[in-house]
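Input: a single structure, listed below in structure tokens.
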Amino acid sequence: MTIGFLPLDSRPCTYDFPVQLAHQAGAKVLLPPAGYISEYRSPSDTLRNLTWLKEIAPKCDCLVISAEQLIHGGLIQSRNARLTADEQRAILAGIEEIKKETPDVRIFLSTVLMRTSISTVNEQTRIWWEKMNAYSHLRYLALSGGGSEIQAQYKALSEEIPKEVIDAYLTARQVNHEINRACICLAEKNIIDVLFILQEDCAPKRIHWLEQRVLMEDIEKNHLQDRVFLFNGTDEAACSLMQKAIHPEGTEAEVIWLSDHRNFIANYEDRPFIENVFGHMRALNIQNRPGAKKAICILPPKKKQGEASKPRTGLSADYTLDELKQISSTIRSLTQEGRHCYLLDVDFANGGNPKLLEVLGQTMPITNLFGYAGWNTASNSLGTLLSQLLSSDENSKENQSFTAERILDDAVYQAFVRGEVTKKVRESGEDVFNIKNISQTEKLLKESFQNHFPLLENIFSGNVPDFEVKLRWNRLFEAEIFVRGHEPFYRKPHS
């Protein structure tokens, strides 16, 4: 299979992961020429990307397209209404032209239901990020018939936040909502085969619930429930769509909860996580069957999900050493039975639980895991893990490298390295959202990893893979971490 891929942006999670897993599944992926996908706050040339898609469509079995990249030039750019409505519709109409000119190509599209706050691109916007989260909640309550106290709180916060921040936010929301409805229309007209609407960072009872209600009505009215899916996530969407294109038949797997806490709502999500688990599985046609060869082992939070880089208050909130040993024993027993275990680590948001991995590494070879994910939001991890599960039935060297990178990145980098280096970068006077001295920061990253080498040896049973760590964007929220010999496609020549 040949897949033409227009990624959400150039971060490793949205650019490299989908291509690596598609390659592992035996597919060939055509990527835009170098420089076509801009980085961080610079928008891509959307017309150039559309032209490229039209050129490569006849060579492809299917196209996997991000609407945010196609229309706005990236995810961050989609949170700012920089194009007119006519310009957006003209670009989206390009998908219809592709289908008309290449009717046999299947089109898999993702679009984002905008987060409930704004982008954090510097220290000042970090402050407004918190305020706008509160604003979204109060606006939802006020528009849903909240009483006088709610109306007063909403009015007070609206006056505290600069008008230009609120206006830009509401305009961008309206623009994105219209695009999401237009994408559903493309599915209704059979222009696109599958549409994922990904609900970006949010929480219950926020303004996005009003938009979700309209979108779900559109989906149900047009009987598109088997082709249009709406759930929490965003950055993992291309991984999932790639595998859905390659493996439409899906597979069977058993969901195994490693503790009893199943009905939690994960940070940055708006529904019980169990709903997202089975929503993602339904979208990928993964059937939950007891005793299946593949096992999705889920580590939920013991009580409430924390942040990987911040200690939780109260030891009772964390798993004890004995509990981690029991959990590890369960995973080992499953592997000894010949099951293929994929570990979904959602104890924390924005990173995994290194303590579990350390105990597990002393219980069994960590390379016996067929997959691991624990990064960013719970649904980001979920979609990535399910995609790895679909990508291959074998624990090949390539698959082991991908799993090792997820452990190094999702758990160790996010839980320890990122926070340590962030502190040092801030002490040097740098803005961690706009780092100037990349080489010095990468040196700090390597030093921090080296300081945690004893932990890595415990996790990998003394066989720590040879890996590199670099910055793809000039910020620390994510890093590019790869095992030597498994270099990301971003660093390889492509057409």
Side-chain angles (χ1 to χ4, degrees), residues 40-41 68 72 74-83 85 88 111-181 197-216 230-235 265-272 276 304-307 310 349-350 376-380 431-434 475 477:
Y40 203 7
R41 286 177 276 183
E68 281 64 42
H72 300 284
L75 176 61
I76 289 177
Q77 291 71 28
S78 72
R79 300 172 191 149
N80 302 287
R82 64 185 193 87
L83 299 178
Q88 294 158 16
T111 185
V112 174
L113 204 166
M114 187 174 151
R115 56 166 49 186
T116 53
S117 191
I118 61 175
S119 297
T120 304
V121 295
N122 53 42
E123 295 291 351
Q124 181 58 52
T125 52
R126 185 164 66 95
I127 296 171
W128 296 130
W129 180 88
E130 295 175 356
K131 297 285 187 184
M132 290 304 296
N133 263 322
Y135 173 87
S136 175
H137 179 51
L138 288 172
R139 183 176 174 87
Y140 169 78
L141 295 178
L143 294 178
S144 301
S148 58
E149 185 177 347
I150 290 294
Q151 300 293 342
Q153 292 175 359
Y154 172 57
K155 183 176 184 294
L157 187 57
S158 300
E159 292 172 351
E160 179 183 348
I161 300 171
K163 184 177 184 298
E164 60 269 21
V165 173
I166 293 177
D167 287 349
Y169 170 78
L170 294 178
T171 300
R173 293 209 72 86
Q174 183 59 36
V175 165
N176 281 273
H177 184 56
E178 290 174 0
I179 289 173
N180 289 338
R181 298 193 73 186
I197 304 175
L198 289 309
Q199 175 57 65
E200 204 184 0
D201 294 3
C202 60
K205 296 183 180 179
R206 298 308 197 264
I207 190 174
H208 70 285
W209 272 15
L210 302 174
E211 298 158 356
Q212 279 188 14
R213 191 178 303 157
V214 173
L215 297 176
M216 290 307 300
L230 192 161
F231 39 65
N232 291 128
T234 290
D235 296 340
I265 296 178
N267 295 359
Y268 315 108
E269 299 189 352
D270 64 355
R271 65 201 70 184
N276 279 320
K304 185 179 186 299
Q305 196 181 42
E307 291 286 328
K310 299 176 183 177
N350 288 312
N376 214 351
T377 69
S379 286
N380 288 157
D431 180 351
V432 295
F433 300 102
N434 189 27
R475 68 179 193 181
F477 188 74

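Keep in mind that the numbers below use all heavy atoms, side chains included, and drop hydrogens, waters and symmetry copies.
- Annotation for Gln151 and Gly146: closest pair NE2-O, 3.1 Å, computed over non-hydrogen atoms.
- In terms of the ring pair (Phe, Tyr, Trp, His ring centres under 6.0 Å) criterion, residue partners of Tyr154 (sequence neighbours excluded) are, by chain and number, Tyr135.
- Remark: the Ser136 side chain and the Asn133 side chain contain no N/O donor-acceptor pair separated by less than 3.5 Å.
- For the pair Ile118 and Lys131, the minimum side-chain heavy-atom distance is 4.5 Å or more.
- With sequence neighbours left out, the salt bridge (charged side-chain N to carboxylate O under 4.0 Å, His left out) criterion links Asp270 to no other residue.
- Residues Asp235 and Glu200 form no side-chain contact, since every pair of their non-hydrogen atoms from C-beta on lies 4.5 Å or further apart.
- Remark: Glu269 CD to Ser379 OG distance equals 3.5 Å, nearest 0.5 Å.
- Side-chain contact check for Ser117 versus Tyr169: every heavy-atom pair is 4.5 Å or farther apart.
- The salt bridge (charged side-chain N to carboxylate O under 4.0 Å, His left out) test applied to Lys155 returns Glu159, not counting sequence neighbours.
- Scanning all heavy atoms of the two residues, the minimum distance from Pro204 to His137 falls at O-ND1, 4.3 Å.
- Among residues two or more places apart in sequence or in another chain, the side chain to side chain contact (heavy atoms under 4.5 Å, CB included) test is passed with Glu149 by Gln153.
- No side-chain heavy atom of Asn232 sits under 4.5 Å from any side-chain heavy atom of Leu198.
- No donor-acceptor pair under 3.5 Å is formed between the side chain of Glu211 and the backbone N or O of Leu113.
- Counting only distance, with no hydrogens or angles, the side chain of Ser144 and the backbone of Leu141 share no donor-acceptor pair below 3.5 Å.
- Rounding to the nearest 0.5 Å gives a distance of 13.0 Å between OG1 of Thr116 and OH of Tyr140.
- Between atom CG of residue Leu138 and atom CG of residue Leu143 there is a gap of 10.5 Å, rounded to the nearest 0.5 Å.
- With sequence neighbours excluded, no residue forms a salt bridge (charged side-chain N to carboxylate O under 4.0 Å, His left out) with Arg271.
- Taking the side chain to side chain contact (heavy atoms under 4.5 Å, CB included) definition, one finds that Glu178 meets it with Gln174, sequence neighbours left out.
- Formation of a donor-acceptor pair under 3.5 Å by the Arg115 side chain with backbone atoms of Gln199 is not found in this model.
- In this structure Trp129 satisfies the ring pair (Phe, Tyr, Trp, His ring centres under 6.0 Å) test with no other residue, sequence neighbours excluded.
- The main-chain N or O of Ile179 is never found under 3.5 Å from a side-chain atom of Gln88 such that the two would form a donor-acceptor pair.
- Leu210 has its side chain within reach of Arg213: a pair of non-hydrogen atoms, C-beta onward, lies under 4.5 Å apart.
- Residues Gly306 and Asn267 come closest through the heavy atom pair O-ND2, 3.8 Å.
- Within the 4.5 Å cutoff, side-chain heavy atoms of Val165 are placed close to those of Met132.
- Taking CD from Gln212 and CZ from Arg206, the interatomic distance works out to 13.0 Å, rounded to the nearest 0.5 Å.
- Evaluation of the side chain to side chain contact (heavy atoms under 4.5 Å, CB included) rule for Ala172 yields Met114, Asn176 as partners, not counting sequence neighbours.
- Between Arg181 and Leu215, some side-chain heavy-atom pair lies under the 4.5 Å cut-off.
- For Gln77, the side chain to side chain contact (heavy atoms under 4.5 Å, CB included) partners at least two apart in sequence or on another chain are Pro43, His72, Arg82.
- Applying the ring pair (Phe, Tyr, Trp, His ring centres under 6.0 Å) rule to Tyr268 yields no partners; only residues at least two apart in sequence or on another chain are considered.
- For Arg139, there are no salt bridge (charged side-chain N to carboxylate O under 4.0 Å, His left out) partners, not counting sequence neighbours.
- Residues Asp201 and Thr377 meet the side-chain proximity criterion, which asks for heavy atoms closer than 4.5 Å.
- Shown here are the side chain to side chain donor-acceptor pair (under 3.5 Å) partners of Thr111, two or more places apart in sequence or in another chain: Glu68, Asn180.
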